[in-house]
Amino acid sequence: MTEVHHFSYGLVTPVAAYLMSFVGSLLGLMCTARARATTGRSRASWLGLAALAIGGTGIWVMHFIAMLGFSVPHAEIRYDVPLTLLSCLIAIAVVAVGLFIVGFAGSGTPVIVIGGAITGVGVASMHYMGMAAMNMAADLGYRSGLVVLSVVIAVVAATAALWFALTVRGMWATAGAALIMGVAVTGMHYTGMAAMRVRLHGHEMTPTGAKAVDFILPLVGGVGAVATILLIIIAMAPNEDELRIEAELQERLEARRNQPRPAPPSPMAPSDSRPPAGEWFGGGGPTGGGPAGGAPTGGAPTGGPPHP
């Protein structure tokens, strides 16, 4: 077997790969936190952004940066561009499948385990597809035991990531979960790389494809653009607690709108509250001037003057 080097640039590539995995996982968990507080199309949008962050940056970019440190003495390594890009799409797609399963099918343990198994196997497939994209004048083989171990690590890491996506709340807890996810993803990658065995051909030949350095500029630009856009979206959007408060307020307003309106009061007949005519000026009755309607109590007599 030919000797291979996984750390051709020292600690630069593993540290950079881990940082990319941490950043992608952190952005993805921040998106899933907002997805928990929404429903319908809004939840689907946040889960899609989370898949882009975790699958694209946290897994695939980490994988490719780690591959930059892989080298085989006396052998030139090039990469099949379509296969490499396909592995990126697979990473995003399988993470999206897992997130949508737990996002819409429920948060029970069986759902998380099923979603983790599908996502983990998909991530492992992406990893080995990325390794198959390498072109060199050599035959590649794998140790089955380490391959199985790498798949188990991928499934466990994916299941833990889905559980984190459903339960982790708060910035510090989210950052801690992202640190753990970064360790799991990079550990899976280097376990899979340790499983690979290389046997060089006896004759020199120039492999086809792109050099690893040809991916660096698009990689840096793409990662920078995706991370910047996600940070802007996350910064401008309300956090999970604010979204929950807003949703509760909307529910209350909707419930109030749907309440039946009270019937208007029935019109009442106008009551005649006017006092009798004789009471306008303190009189006792409608016909008499005295208190009981009899003769007046004072004033001149009603008859004419007496005759002499």
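All heavy atoms count here, side chains included; hydrogens, waters and symmetry mates do not.
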* Output all residues satisfying side chain to side chain contact (heavy atoms under 4.5 Å, CB included) with Ser71, sequence neighbours left out; order by chain, then residue number. => His5, Ser8

* Same hydrophobic cluster for Met30 and Ile229, using side-chain heavy-atom links shorter than 4.5 Å among ILVMFWY? -> yes

* Asked: Out of curiosity, Ile54 CD1 to Leu29 CG, how far, rounded to the nearest 0.5 Å?
  -> 5.5 Å

* Asked: With a 4.5 Å heavy-atom cut-off, do Thr57 and Met62 have their side chains touching?
  -> no

* **Side chains of Ile118 and Ile101 in contact at under 4.5 Å (non-hydrogen atoms)** => yes

* What are the two closest non-hydrogen atoms of Met131 and Gly192, and how far apart are they? -> CE-O, 3.8 Å

* Just wondering, do Leu140 and Arg197 contact through their side chains at under 4.5 Å, heavy atoms? -> no

* Are Tyr9 and Ile65 connected, step by step, through hydrophobic side chains (Ile, Leu, Val, Met, Phe, Trp, Tyr) whose heavy atoms are closer than 4.5 Å? -> no

* **Residue pair Ala53 / Leu230: nearest heavy atoms and the distance that separates them** => CB-CD1, 3.6 Å

* **Non-neighbouring partners of Val156 that pass side chain to side chain contact (heavy atoms under 4.5 Å, CB included), sequence neighbours left out** => Val152

* Donor-acceptor under 3.5 Å (Ser42 side chain, Thr39 main chain) -> no

* Asked: Passes side-chain contact (heavy atoms from CB on, under 4.5 Å), His127 versus Met193? Steps please.
  -> CA-CA 9 Å; His127 170 78; Met193 292 298 295; 4.2 Å; yes

* **Set of residues satisfying side chain to side chain contact (heavy atoms under 4.5 Å, CB included) with respect to Ala50, sequence neighbours excluded** => Cys31, Thr32, Leu99

* **Closest non-hydrogen atom pair, Leu200 against Ala75** => CD2-CB, 3.6 Å

* Structure fact -> Tightest non-hydrogen contact, residues Val198 and Val4, listed as CG2-CG1, 3.7 Å

* **Side chains of Cys88 and Phe64 in contact at under 4.5 Å (non-hydrogen atoms)** => no

* With Ile153 via side chain to side chain contact (heavy atoms under 4.5 Å, CB included) - residues at least two apart -> Leu149, Met188, Thr191

* **Within-4.5 Å side-chain heavy-atom neighbours: Met171 and Leu26** => yes

* For Phe70, all residues meeting ring-ring contact (aromatic ring centres under 6.0 Å, His included), sequence neighbours excluded -> His6

* **Other ILVMFWY residues reachable from Val113 by side-chain steps of under 4.5 Å** => none

* **Shared hydrophobic cluster for Val15 and Tyr190 (ILVMFWY, side-chain gaps under 4.5 Å)** => no

* Pair listing, salt bridge (charged side-chain N to carboxylate O under 4.0 Å, His left out) test, anchored in residues 98-115, at least two apart -> none

* Test item: Met126 and Met129 side chains (from C-beta on) under 4.5 Å apart, heavy atoms -> no

* **Inter- and intrachain pairs under side-chain hydrogen bond (donor to acceptor under 3.5 Å, both in side chains), touching residues 208-231, at least two apart** => none

* Which pairs count as side-chain hydrogen bond (donor to acceptor under 3.5 Å, both in side chains) when at least one residue sits in residues 78-93, sequence neighbours excluded? -> Trp60-Ser87, Glu76-Arg78

* **Cluster link Val95 to Val168, ILVMFWY, side chain under 4.5 Å** => yes

* Do the non-hydrogen side-chain atoms of Leu166 and Trp163 ever get within less than 4.5 Å of each other? -> no

Quiz: residues 176-187 side-chain donor-acceptor pairs under 3.5 angstrom, not counting sequence neighbours:
{"from": "Thr186", "atom 1": "OG1", "to": "Gly182", "atom 2": "O", "distance (Å)": "2.7"}
{"from": "Thr186", "atom 1": "OG1", "to": "Val183", "atom 2": "O", "distance (Å)": "3.2"}

* Supply the atom-to-atom distance Leu52 CG to Leu27 CG, rounded to the nearest 0.5 angstrom. => 9.5 Å

* Hey, could you give me each pair passing ring pair (Phe, Tyr, Trp, His ring centres under 6.0 Å) that has a residue in residues 87-110? Not counting sequence neighbours. => Phe100-Phe104

* To do: Would you name the heavy atoms of Ala51 and Ile92 that are closest together and state the gap between them?
  => CB-O, 3.8 Å

* Structure fact -> Minimal heavy-atom distance between Ala91 and Ile59, with the atoms involved, is CB-CG2, 4.5 Å

* Are side-chain heavy atoms of Met67 and Met134 found at a separation under 4.5 Å? -> yes

* side-chain hydrogen bond (donor to acceptor under 3.5 Å, both in side chains) contacts in which one or both residues fall within residues 128-152, not counting sequence neighbours -> Tyr128-Ser150, Asp139-His201

* To do: Look at the side-chain heavy atoms of Ile, Leu, Val, Met, Phe, Trp and Tyr, link any pair under 4.5 Å apart, and say whether Val97 and Val151 land in one connected group.
  => no

* Calculate, to the nearest 0.5 Å, the distance between atoms CZ and CZ belonging to Arg43 and Arg41 respectively. => 15.0 Å

